[in-house]
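My questions all concern the structure below.
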Amino acid sequence: MSNATQTTKTMNTTQPQTLTSLEALVASGKLRNSHTSLARGYVSRKSEGYVYEYAGKFGKGFVLATPNFRSTRFYYVTYFIEA
């Protein structure tokens, strides 16, 4: 079993499948926007981005990966941490 699967079972919030459900969790106060950074890689400009789970240095929560229109080598990573 992968670490992501184990993390899913231990988290209190439900995993958002879309950007809309992530925004709903932020609006309800279950998650807070921690910060945004850059990561090496590429996220398609045709999509709004994708959401995946995060458990690390800043706490537990979710990450939103969105395209960077100024670069094809880096994309934006926004951390949403449990409040």
Side-chain angles (χ1 to χ4, degrees):
M1 185 165 18
S2 71
N3 289 338
T5 305
Q6 291 172 348
T7 304
T8 302
K9 293 180 180 179
T10 59
M11 291 191 64
N12 294 332
T13 58
T14 58
Q15 180 170 355
Q17 299 296 321
T18 63
L19 180 59
T20 306
S21 58
L22 180 65
E23 289 172 345
L25 287 172
V26 172
S28 70
K30 293 182 180 179
L31 297 175
R32 65 178 174 83
N33 184 341
S34 176
H35 66 282
T36 301
S37 63
L38 290 171
R40 180 171 279 174
Y42 181 78
V43 172
S44 175
R45 295 175 182 188
K46 293 181 181 180
S47 70
E48 292 182 353
Y50 57 92
V51 178
Y52 59 92
E53 285 190 55
Y54 172 79
K57 180 179 179 179
F58 306 109
K60 291 183 180 180
F62 298 96
V63 171
L64 173 63
T66 53
N68 180 357
F69 290 96
R70 294 182 173 201
S71 170
T72 57
R73 294 179 187 233
F74 297 94
Y75 63 94
Y76 290 111
V77 178
T78 304
Y79 294 86
F80 293 92
I81 306 302
E82 291 180 345

Original post:
Any idea which heavy atoms bring Gly29 and Ala83 closest together, and the distance?
Top reply: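 Reported closest heavy-atom pair: O-CB, 3.3 Å.
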
**OP:** Report yes if some heavy atom in the side chain of Glu48 is under 4.5 Å from a heavy atom in the side chain of Leu64; otherwise report no.
**Re:**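 When only atoms from C-beta onward are counted, Leu64 and Glu48 do not touch, as no gap falls below 4.5 Å.
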
Original post:
With Phe80, which of Val51, Leu25, Val26 fulfils side-chain contact (heavy atoms from CB on, under 4.5 Å)?
Top reply: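 One option only clears the test, and that one is Val26.
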
Original post:
Do you reckon Tyr76 sits in the same ILVMFWY cluster as Tyr42, going by side-chain contacts under 4.5 Å, direct or chained?
Top reply: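 Tyr76 and Tyr42: separate clusters.
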
**OP:** Consider only side-chain heavy atoms of I, L, V, M, F, W and Y, link residues closer than 4.5 Å, and tell whether Tyr52 and Tyr79 are in one cluster.
**Re:**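 Same cluster.
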
Original post:
Which of parallel (below 30°), tilted (30 to 60°) and perpendicular (above 60°) describes Tyr50 and Tyr75?
Top reply: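 Aromatic pair Tyr50/Tyr75 classed tilted.
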
Subject >> Interatomic distance, Glu23 atom CD to Asn33 atom CG [nearest 0.5 angstrom] >> reply: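 Separation between the atoms: 11.0 Å.
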
Subject >> Considering all heavy atoms, the nearest Val43-Gly49 contact >> reply: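 Of all heavy-atom pairs spanning Val43 and Gly49, the closest is CG1-CA, 4.3 Å.
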
Original post:
Nearest 0.5 Å, what's the CG-OG1 distance between Asn68 and Thr66?
Top reply: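 So the CG of Asn68 and the OG1 of Thr66 are separated by 8.0 Å.
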
Original post:
How far apart are the closest heavy atoms of Arg45 and Thr72, and which atoms are they?
Top reply: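 Between these two residues, the closest heavy atoms are NH2-CG2, 3.5 Å.
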
Original post:
Would you say the side chain of Leu22 lies within less than 4.5 Å of the side chain of Phe62, judging by non-hydrogen atoms?
Top reply: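 Yes, side chains in contact.
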
Subject >> Spacing of CD1 belonging to Ile81 relative to NZ belonging to Lys57, to within rounding of 0.5 Å >> reply: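 Those atoms lie 12.0 Å apart.
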
